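Remember, predicted model here, so these are calculated numbers, not experimental data.
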Amino acid sequence: MEKNSQESQGFYKLSWLQRIGFGSGDLAQNLIFQTTCMYLLFFYTDIYGLDAVDVSVMFTVGNVANVIWDPIVGALIDKHNPKLGKYRSYLVFVGIPLSGFAILCFWNGFAPSLLYAYITYIAMTLLYTFINVPYGALNSSLTRDTDEITVLTSVRMFMANCGGLAVGSGLPLLIAYFTDQQSDGLPKDPVAWFTTMTIYAVIGLLLLLFCFSQCKERVVMNAEESANVKISDLWMEFFHNRPLRIIAFFFITAFAMMSIGNAAGAYFMNCNLHGTSEQLSIFMGLGSAPSFIFMPLVPMIKKAIGKKNMFYVFLGIAIVGMAFLYLVAKMEQPSMMLVYIAQFVKSTGVIVATGYMWALVPEVISYGEYKSGKRIAGIVNALTGIFFKAGMTLGSVVAPAILAYVAYNPKTVEQTPEAQEGILWLVCVIPAALLLLAIFIISKYELTDAVIDDINKKIEDRHKQKK
């Protein structure tokens with residue numbers, strides 16, 4: 001009886017099929033997102049034939065366009081109620097063109113046309129936003145239950161890292177499988193790259209359709225509340241919602257760190273360690289592998305030490321791993337086994353901290369609803385989108401700029417000591433500095449589970465009184 005009463009107030013419990021179905025949406029998006037983060041810069045400079053500075057400018061233009069696009073998308077999805085679902089419908093409507101443009105980004109038929117690269121890249125990023133914002137809002141529409149959201153986020157990030165593993169570890173192996181070229185490091189056969197991306201994009205589309213089929217939206221605004229949503233609500237929400245501002249700046253820092261580190265991984269293995277495709281596969285795969293051990297344990301870890309302490313512990317672990325990786329790489333004869341261990345330690349910290357941060361988004365949505373009376377989940381996710389893209393922009397500028405500064409030569413794996421040091425800074429030093437900043441930012445977050453549970457109950461009591 002108590003369970004039914006709680007569920008009638010929005011505190012829904014989900015089945016494992018629903019949790020996995022929701023998580024498959026992030027798995028799908030990461031087959032595209034992680035590919036662009038880890039390999040698109042390498043593809044553009046070493047295969048498509050663009051200058052690193054031109055790529056840096058293009059990435060910046062794309063991310064600036066998204067800063068304008070995010071609030072439009074957020075207001076649009078909050079204001080409208082499509083028949084297939086307020087948020088989940090976009091998984092179908094936008095999933096098809098997103099998959100198509102992701103494939104086109106890795107086609108070199110017009111190489112080295114900068115115009116073609118601009119059109120396909122920016123279209124892909126705008127479409128990704130049109131999936132990512134409603135998908136993020138979908139999380140908060142399934143339940144208000146904080147424990148359920150923790151489990152849901154753990155499943156989601158577990159599956160997101162399955163996507164990261166499929167990209168980081170699987171992509172180099174698939175490219176090597178689809179080419180006959182013999183080369184040092186990652187093969188540069190454009191047909192093999194295009195074929196691999198086509199496979200990933202098609203699988204991603206099928207997973208988006210599965211996610212759509214398993215998600216049921218139950219905590220959403222009604223039509224009357226939706227009609228009152230305006231784009232200006234985004235800025236009002238930002239200025240009046242302090243917890244949102246804190247996680248927004250955390251997102252900037254976290255995504256800048258991931259963008260810089262991920263983009264440099266292929267260069268690090270190719271040029272600093274002269275690794276094979278198989279070794280690159282293992283190294284990049286270890287960037288996701290810890291999720292299979294630690295993400296299922298997140299609900300238990302959070303319960304034992306609290307969410308703030310969990311952030312402190314795992315961000316600290318990531319910094320230790322980065323320091324270890326730097327020291328190993330500076331050895332006269334770096335041991336690949338030690339490189340793998342350092343990568344695993346670093347990734348353990350990064351995965352748990354940056355994975356669990358998504359569980360904070362439904363909390364600030366509820367806080368905003370409590371303060372303003374509007375559950376503008378789309379707009380809040382658009383705001384977090386703006387800030388994670390700001391972080392991505394920072395990363396997309398820093399990585400190619402440093403490569404240009406240290407005179408990286410894409411025509412050979414033999415680089416100068418200065419170029420190797422620059423790559424090492426991208427992999428270890430700059431990300432570690434950003435994580436120290438992230439620790440300071442998250443220390444200011446004040447919404448405990450008890451506070452959020454109380455806020456959600458008060459919101460549901462309001463709805464009851466209106467009825």
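Between Thr384 and Leu244 there is a side-chain heavy-atom pair separated by less than 4.5 Å. Put simply, the side chain of Val398 reaches to within 4.5 Å of the side chain of Leu426, judged on heavy atoms. Side-chain atoms of Trp107 and Thr120, non-hydrogen and from C-beta on, never get closer than 4.5 Å to each other. Proximity of Met157 to Val298: side-chain heavy atoms (C-beta onward) are nowhere separated by under 4.5 Å. With a 4.5 Å cut-off on side-chain heavy atoms, Ser288 and Ser169 do not count as touching. Put simply, the side chain of Phe178 does not reach to within 4.5 Å of the side chain of Val191, judged on heavy atoms. For the pair Phe324 and Lys346, the minimum side-chain heavy-atom distance is 4.5 Å or more. At least one side-chain heavy atom of Glu414 sits less than 4.5 Å from a side-chain heavy atom of His274.
Between Phe268 and Phe283, the ring-plane angle classifies as tilted under the 30° and 60° cut-offs. The aromatic rings of Phe249 and Phe387 sit perpendicular, their planes meeting at an angle over 60°, well past the 30° parallel limit. In this pair, Tyr44 and Phe59 present their aromatic rings tilted. The plane angle is within the 30 to 60° band.
The residue from Tyr48, Tyr118, Tyr116 that alone fulfils the ring-ring contact (aromatic ring centres under 6.0 Å, His included) condition with Phe110 is Tyr116.
Of the possible donor and acceptor atoms, none in the side chain of Asn241 sits under 3.5 Å from a partner among the backbone N and O of Glu237. In this structure a side-chain-to-backbone donor-acceptor pair under 3.5 Å is missing from Asn139 to Tyr135. A donor-acceptor pair under 3.5 Å is formed between the side chain of Glu217 and the backbone N or O of Arg88. Not a single donor-acceptor pair under 3.5 Å links the side chain of Ser140 to the backbone N or O of Gly136. In this structure, the side chain of Ser347 engages the main chain of Leu286 through a donor-acceptor pair within 3.5 Å. In this structure a side-chain-to-backbone donor-acceptor pair under 3.5 Å is present from Lys307 to Leu447. No donor-acceptor pair under 3.5 Å is formed between the side chain of Thr195 and the backbone N or O of Ala192. In this structure a side-chain-to-backbone donor-acceptor pair under 3.5 Å is present from Gln420 to Cys271. Proximity of a side-chain donor or acceptor of Glu278 to a complementary backbone N or O of Leu173 within less than 3.5 Å is not detected. Judged by distance alone, with hydrogens and angles left aside, the side-chain atoms of Tyr39 form a donor-acceptor pair with the main-chain N or O of Gly168 at under 3.5 Å.
Other residues, nucleotides and ligands place more than 12 heavy atoms under 6.0 Å from the CH2 atom of Trp358. At most 12 non-hydrogen atoms from other residues, nucleotides or ligands lie less than 6.0 angstrom from OH of Tyr177.
With values rounded to the nearest 0.5 angstrom, Ser291 atom OG is found 7.5 Å from Leu165 atom CG. Here the OG1-CG distance, from Thr129 to Asp70, works out to 4.5 Å after rounding to the nearest 0.5 Å. Ile119 contributes atom CD1, which lies 7.5 Å from atom OG of Ser113 (distance to the nearest 0.5 angstrom). One finds the CD1 atom of Ile282 at 8.5 Å from the CE atom of Met336 (value rounded to the nearest 0.5 Å). The CD1 atom of Ile77 sits 11.0 Å away from the CD1 atom of Ile376 when rounded to the nearest 0.5 Å. One distance of note links CG of Leu40 with CZ of Phe33; it measures 12.0 Å at 0.5 Å rounding.
Heavy-atom minimum distance, Lys308 versus Ile442: CE-O, 3.5 Å. Contact between Val92 and Leu209 at its shortest, heavy atoms only, is CG2-CD2, 3.9 Å. Of all non-hydrogen atoms in Gly378 and Tyr87, the two that sit nearest each other are N-OH, 4.1 Å. Taking both residues in full, the closest heavy atoms of Ala264 and Val427 are given as CB-CG2, 3.6 Å, listed atom of the first, atom of the second, then distance. Scanning both residues, Thr179 and Ile175, for their nearest heavy atoms gives CG2-O, 3.2 Å. Across every non-hydrogen atom of Met284 and Asn262, the tightest pair is CE-O, 4.1 Å.
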Exercise for the section: List the steps, then state whether side chain to side chain contact (heavy atoms under 4.5 Å, CB included) holds for Ile439 with Tyr312. Expected result: CA-CA 6 Å; Ile439 290 173; Tyr312 297 152; 4.0 Å; yes
Practice task
Please lay out, stage by stage, how Val361 and Phe251 fare under the test side chain to side chain contact (heavy atoms under 4.5 Å, CB included).
Solution key: CA-CA 11 Å; Val361 177; Phe251 269 52; 4.0 Å; yes
Exercise for the section: Kindly determine whether Leu142 and Val219 satisfy side chain to side chain contact (heavy atoms under 4.5 Å, CB included), including the steps that lead there. Expected result: CA-CA 6 Å; Leu142 303 179; Val219 186; over 6 Å; no
Problem - Trace of the side chain to side chain contact (heavy atoms under 4.5 Å, CB included) decision for Asn30 with Val167 - result: CA-CA 8 Å; Asn30 271 278; Val167 171; over 6 Å; no
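A donor atom on one side chain and an acceptor atom on the other are found under 3.5 Å apart for Thr45 and Tyr267. At a cut-off of 3.5 Å, with distance as the only test, no side-chain donor of Lys86 or Ser141 sits close to an acceptor on the other residue.
Taking the six-membered ring where the residue is Trp, the centroids of Phe311 and Tyr445 are separated by 6.0 Å or more.
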